[in-house]
Structure formats: C-alpha cells, structure tokens
Undergrad: 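One structure coming up, written as structure tokens, with questions to follow.
Side-chain atoms are counted along with the backbone in the values below, which use heavy atoms only and exclude waters and symmetry mates. Indexing begins at 1, ligand by ligand and atom by atom, following the structure's order. Remember, predicted model here, so these are calculated numbers, not experimental data.
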Amino acid sequence: MEFIHLKKTPLYRAFSELGKRIFLPDGIFYWSGRAKKEAELIGTIGTAFGFERDFVDGGGSDWMPCYLNEISEYSNLDIKNIVPYASIGGLNETREIWKNWVVKKSQYDEIKEKDLIEKLEKHITTPIITAGVTNGIFQCSSLFLNPGEFIIAPNKRWGNYDNIIEKFIGAKIKSFTFFKDQNINLESLEFAINEVAGVQDKIVMILNFPNNPTGYVPSKEEGKEIVSLLQKNQKIHNKPMVVIVDDAYEPYVYNSDSLDRSIFYDLLQLEEDIIPIKLDGITKELLIYGGRIGFITLGLKSSWVSSDQELEILKKEINNKLEGFTRATISNCNHFYQTLTQKLFKEKGIDQILTSRAKVKELLKERYEKINSELAKIDDPNISVDPNSGGFFLFLNLNPDKIKANEFGDHLLKKYKVGIIPIEKLDQQINGIRIAYCSIDLPKIPEVIKRIKLALNDF
Ligand SMILES: Cc1ncc(COP(=O)(O)O)c(C=O)c1O
C-alpha cells in the first residue's frame with residue numbers, strides 16, 4: 001500500500017518511526033480472501049477443516065473447522081462463531097455495530113442535530129478491535145511515540161500508562177498537575193503543552209474521564225474550557241495534536257453537572273488539526289472484564305481530503321496501518337467475545353443493554369454518594385478528596401509531612417483489615433489512597449470510612 005492520502009495528513013506527520021513503517025502486507029489473509037472468491041480448491045489458511053462426521057461421532061455433513069466435541073458442551077454458540085480465527089481488524093459485523101454505537105453515544109439528537117450525526121459518521125474510522133483498552137493504549141502510544149518523545153498526561157493517572165509508555169516503549173510522560181482548588185489545573189496542562197511543543201513536532205496527550213484513580217469528570221463548563229485550551233494551543237504551535245481519549249469508564253457519570261459524553265465528540269468537531277482517538281472496551285462498558293475486547297476509533301478532518309472518495313481511501317490506508325500493527329503483535333482478537341458482543345447488540349438491542357446496565361450504574365452511584373458523604377464528615381486537615389463524579393474510584397490525599405501513603409496502606413491493612421491502593425509519588429506531589437468503591441457493598445462503606453478515620457488518628 002502506498003498511503004498516498006495518509007502521507008499528506010498531519011496524522012502521518014505525528015506518527016512515530018514505527019507508525020510510518022508498519023503496514024499489513026498482502027499475506028495469508030489476502031490470499032485466502034482471494035481464494036474464497038476465486039478458487040475451486042482451497043489450501044490457504046492454517047486452520048484444520050473437515051466434514052464434521054469425520055471427526056465428531058454423530059457429526060453432520062458440514063465442511064467446517066475441526067473442533068473437539070467436548071467444547072460444545074460449554075457454550076450454545078455455533079462452533080463456527082467460536083473456534084476460527086477472527087479477521088485481523090476484528091469481525092466486520094462487530095466493528096460496524098461498534099461504529100454505530102460510537103455514533104449513538106454522541107447523544108446527538110437524531111432530528112435536531114442530523115448534520116452533526118452525518119459528519120460524525122463520515123469522519124470516524126470503522127473501529128479496529130484490540131485486546132482490551134490496554135492493547136489500544138499500547139497500539140496508539142507505539143504509533144505516535146518514538147523512544148524519548150513526550151506524551152502529556154495528568155500526574156494522577158492509571159499506573160499502567162507508565163509501564164506501557166515509559167518502561168515498554170521508552171517514551172516519556174510529561175505530567176501536568178491534575179487539580180488546583182478542586183478544579184482541573186488548566187495552567188499546568190497549558191504549561192506541559194508549551195514544554196512539549198518546544199521540543200517536538202507534535203503534541204500527543206492522553207486523557208481519561210472518568211479518571212482512574214480519582215473518579216474526576218470535568219464539569220460541562222470545564223469540558224468547554226479544556227476544548228478551547230487545546231484549540232488555542234494547537235493554533236499557536238501549529239503542530240498536529242493527537243488526543244488519545246481513554247474512555248474505559250465512559251458510561252459511569254453520576255452527577256448531572258458533569259460532562260456526560262466523551263470529550264472525543266467535541267474534539268472531532270474542531271477544524272484544527274486536533275486528532276482525537278477514542279479507546280473503548282467491553283471491559284467496564286459492558287462489564288465483561290475478561291473478554292479482552294477493545295476498540296480504536298480515529299477522528300478525521302474534512303480538510304485532509306478533497307473528496308468523499310479520497311476520504312474512503314484514507315480510511316483504508318489508516319485501517320491497513322492499524323491492522324499491520326495488530327498482525328505483528330497479537331495477530332487477531334478473541335473470536336468468542338466478538339461474537340458475544342455482536343449478538344448482544346443484534347439480538348438484545350441497545351435499549352435492553354442500557355436497561356440492564358442502569359441497575360449496575362445505580363448501585364455504583366449510591367456507593368459514590370455514600371462514600372463521599374461519609375468522607376465529608378471527617379474533619380481532618382491532613383486529608384482531602386479529589387473532585388470526583390464518576391467511574392469506579394476516588395482518591396483521598398494524605399498530607400505527606402504527616403502520613404506517607406505506603407505506610408498508611410500497610411497500617412490500614414494490618415491493624416484495621418481494610419485494603420486500598422496507596423499511591424506515593426512524592427516527586428509528582430502524589431501521596432494518597434485510591435479507594436475502589438465499585439467493589440464495596442453499600443452498607444459496608446460507613447465501616448470502611450470509620451476504619452480509615454481510626455487509622456488516620458494513629459498518625
Ligand atoms: C483508565 C483505564 N484505562 C484502561 C484500562 C484497561 O482496560 P482493559 O481491561 O480493557 O484493558 C483500565 C483498567 O483498569 C483503566 O483504569
């Protein structure tokens with residue numbers, strides 16, 4: 001593939017050496033695809049096939065992938081939807097379903113905002129399937145960051161970003177201080193953008209709302225401020241700005257003042273070369289943690305191409321790069337869970353999925369309210385809770401002059417038998433505990449907070 005249109009875009013300019021280099025060659029999948037259409041006799045793919053009766057007692061006359069009869073006891077899904085390889089980028093139908101889902105999640109009004117929906121449908125890629133959101137983060141970080149280059153992230157972030165970006169890829173994280181006076185610290189974010197723009201030809205950042213570990217979701221007002229800050233800075237620096245939007249906890253927003261749809265959609269609407277990339281997963285969104293299915297959706301700009309036809313070619317070129325990466329790393333993703341996702345949407349429908357999930361969201365919301373109200377009762381100058389209104393966690397800051405987070409975590413566990421995650425990174429002004437209230441039953445929350453309070457008194 002020549003990548004004729006891709007090479008002209010700011011997206012390409014933002015690619016790492018690996019991003020520029022990688023592509024999916026016309027290998028086994030190409031030849032077997034052609035053979036399916038053109039051949040009379042097929043001997044292409046490394047999947048054992050046979051007539052079912054030849055390898056299963058009492059089997060039928062279908063020519064199908066050979067399988068062990070015993071596995072059919074564990075699922076009533078058709079064996080053809082379980083054992084074969086899924087295509088590299090994922091099952092086409094599952095990808096299309098998720099694309100429609102991304103459109104639906106924009107919450108654009110089907111009548112009043114028809115134009116926005118059309119624009120959205122046109123300017124997003126068909127999601128490629130990854131092995132969970134983690135794999136999407138790895139893939140995007142690799143495609144945009146050379147070793148030594150910077151990605152901007154808040155100082156309070158999911159710890160695995162550091163493993164992927166710094167330890168694995170050898171790139172660097174430019175942290176900004178997440179909060180100031182219970183609001184997002186936009187000055188610090190702007191400072192980080194300026195620093196990064198001063199040393200490299202692209203600005204890459206990762207944002208995650210609702211955030212792990214704090215549960216922070218911008219208010220609707222803050223959401224607008226973030227978007228215009230990025231817009232302003234992209235204009236000033238005139239460099240491609242890639243914003244990886246980690247939407248792992250997207251649906252779990254509990255406060256009506258908070259931004260209740262991904263920031264991806266507002267970034268996509270901008271004319272500037274701010275390239276949003278949406279990372280989704282069935283992990284938390286559909287509560288299938290072990291399914292290991294995620295999605296990467298890129299937002300494109302109309303100014304990059306001069307016709308719809310070019311736009312379609314551009315999408316194919318981008319898809320080829322992403323599939324090239326997948327082929328080289330994990331080859332393809334779990335077939336069973338792609339089928340399951342597909343069936344959920346097709347057979348049960350979005351409304352039923354949302355109704356079932358609403359029960360879980362309600363449980364979490366009650367816990368969110370309870371834990372915040374219990375914490376608010378503690379009058380202790382050595383603690384503060386970060387702003388939070390969504391996700392699975394909240395973060396309790398401890399005064400580092402009095403209490404060190406690791407020591408506190410150890411004491412809380414040993415003496416009071418309460419397990420939390422201490423995070424102590426004093427060089428980044430972080431010293432506190434992440435409480436995963438998603439896993440604590442509502443009636444137990446007061447007891448957890450009581451024990452935390454008792455532990456605080458010991459310091
Ligand atoms: C912010 C964030 N992103 C991504 C992930 C990983 O998602 P997945 O399990 O789909 O890889 C997590 C999981 O804890 C997370 O907290």
Side-chain angles (χ1 to χ4, degrees), residues 90 94 98 101-102 105 127-142 151-169 173 175-176 178 184 204-218 243-253 258-259 262-264 276-297 325-326 329-330 332-334 336-338 340-341 344 357 360 364 368 386-395 419-421 423 430 432-440:
T94 312
W98 203 268
W101 182 221
V102 170
K105 287 194 286 184
I128 184 168
I129 296 184
T130 57
V133 181
T134 307
N135 182 234
I137 298 165
F138 173 63
Q139 181 157 160
C140 292
S141 308
S142 307
I151 180 171
I152 299 165
N155 61 343
K156 285 169 179 161
R157 56 182 175 256
W158 187 38
N160 210 15
Y161 291 174
D162 297 56
N163 289 333
I164 296 170
I165 295 161
E166 298 210 322
K167 297 190 192 67
F168 200 101
I169 298 175
I173 300 181
S175 295
F176 68 94
F178 211 170
I184 186 164
V204 186
M205 77 180 66
I206 184 160
L207 298 176
N208 158 235
F209 310 129
N211 168 265
N212 177 2
T214 63
Y216 170 73
V217 186
V243 185
I244 302 169
V245 182
D246 176 345
D247 275 335
Y249 301 91
E250 187 180 15
Y252 303 101
V253 177
S258 302
L259 198 61
S262 168
I263 201 159
F264 172 84
I277 303 182
K278 184 168 175 33
L279 303 184
D280 291 325
I282 65 168
T283 317
K284 320 271 156 133
E285 212 177 318
L286 302 182
L287 304 150
I288 312 178
Y289 309 90
R292 312 312 302 139
I293 296 297
F295 302 85
I296 303 179
T297 312
F325 191 96
T326 296
T329 47
I330 53 170
N332 50 76
C333 297
N334 185 302
F336 177 88
Y337 282 101
Q338 293 189 49
L340 191 113
T341 305
L344 264 178
R357 196 182 60 196
V360 179
L364 295 175
Y368 148 79
D386 279 331
N388 69 96
S389 55
F392 283 19
F393 317 99
L394 61 67
F395 195 77
I420 43 71
I421 305 288
I423 307 181
I430 303 175
I433 58 171
R434 184 189 81 169
I435 309 176
Y437 61 81
C438 59
S439 61
I440 312 173

Undergrad: What residue and heavy atom of the protein are closest to atom 4 (C) of ligand 1, and at what distance?
TA: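 Ranking protein heavy atoms by distance from atom 4 (C) of ligand 1, first comes W158 CZ3, 3.4 Å.
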Undergrad: Is there side-chain contact between I169 and I164, with heavy atoms separated by less than 4.5 Å?
TA: yes
Undergrad: Answer yes or no for G132: is there a heavy-atom contact with ligand 1 below 4.0 Å?
TA: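 In this structure, G132 qualifies as a contact of ligand 1 - some heavy atom is under 4.0 Å.
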Undergrad: Are I128 and F325 packed together at the side-chain level, in the sense that at least one heavy-atom pair is separated by less than 4.5 angstrom?
TA: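 No, every pair of side-chain atoms sits at 4.5 Å or beyond.
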Undergrad: Check each atom of ligand 1 against the heavy atoms of N212 and keep those under 4.0 Å away; list them by number with element.
TA: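 By the 4.0 Å cutoff, the relevant atoms are 1 (C), 15 (C), 16 (O).
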Undergrad: Using only atom types and a distance under 3.5 Å, with no angle test, would you say the side chain of Y161 pairs donor to acceptor with the backbone of I206?
TA: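 Judged by distance alone, no pair lies under 3.5 Å.
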Undergrad: Quick one: does R357's side chain have a donor or acceptor within less than 3.5 Å of a partner on L286's backbone?
TA: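 Answer holds: no.
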Undergrad: For atom 2 (C) of ligand 1, what is the closest protein heavy atom, and at what distance to 0.1 Å?
TA: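 Atom 2 (C) of ligand 1 sits closest to the protein heavy atom D246 OD2, 3.4 Å.
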Undergrad: Answer yes if the side chains of R292 and N135 hold a donor-acceptor pair under 3.5 Å, and no otherwise.
TA: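 On atom types as modelled, these side chains do not qualify, holding no pair under 3.5 Å.
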Undergrad: Should Y249 be counted as touching ligand 1, given the test is an N or O pair under 3.5 Å?
TA: yes
Undergrad: What protein heavy atom lies closest to atom 10 (O) of ligand 1? Include the residue and the distance to one decimal.
TA: T283 OG1, 2.4 Å
Undergrad: Considering both backbone and side-chain atoms of V133, is one of its nitrogen or oxygen atoms within less than 3.5 Å of a nitrogen or oxygen in ligand 1?
TA: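 Between V133 and ligand 1 (N or O atoms, distance only) the closest approach is under 3.5 Å.
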Undergrad: Any atoms of ligand 1 less than 4.0 Å from a non-hydrogen atom of N208? List them with their elements.
TA: 1 (C)
Undergrad: I'd like to check which ligand 1 atoms, numbered from 1 as shown, lie under 4.0 Å from a non-hydrogen atom of T134.
TA: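 Within the 4.0 Å cut-off of T134, ligand 1 contributes 6 (C), 7 (O), 8 (P), 11 (O).
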Undergrad: Starting from atom 9 (O) of ligand 1, which protein heavy atom do you reach first, and at what distance in Å?
TA: R292 NH1, 2.9 Å
Undergrad: Would you say the side-chain atoms of N208 and W158 include a donor-acceptor pair closer than 3.5 Å?
TA: no
Undergrad: Check whether more than 12 heavy atoms from other residues, nucleotides or ligands sit under 6.0 Å from atom CZ of F168, and answer yes or no.
TA: no
Undergrad: Any ion pair linking K105 and D247 (charged N to carboxylate O, less than 4.0 Å)?
TA: no
Undergrad: Against ligand 1, does K284 come closer than 4.0 Å with any heavy atom?
TA: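 Yes, K284 has heavy atoms under 4.0 Å from ligand 1.
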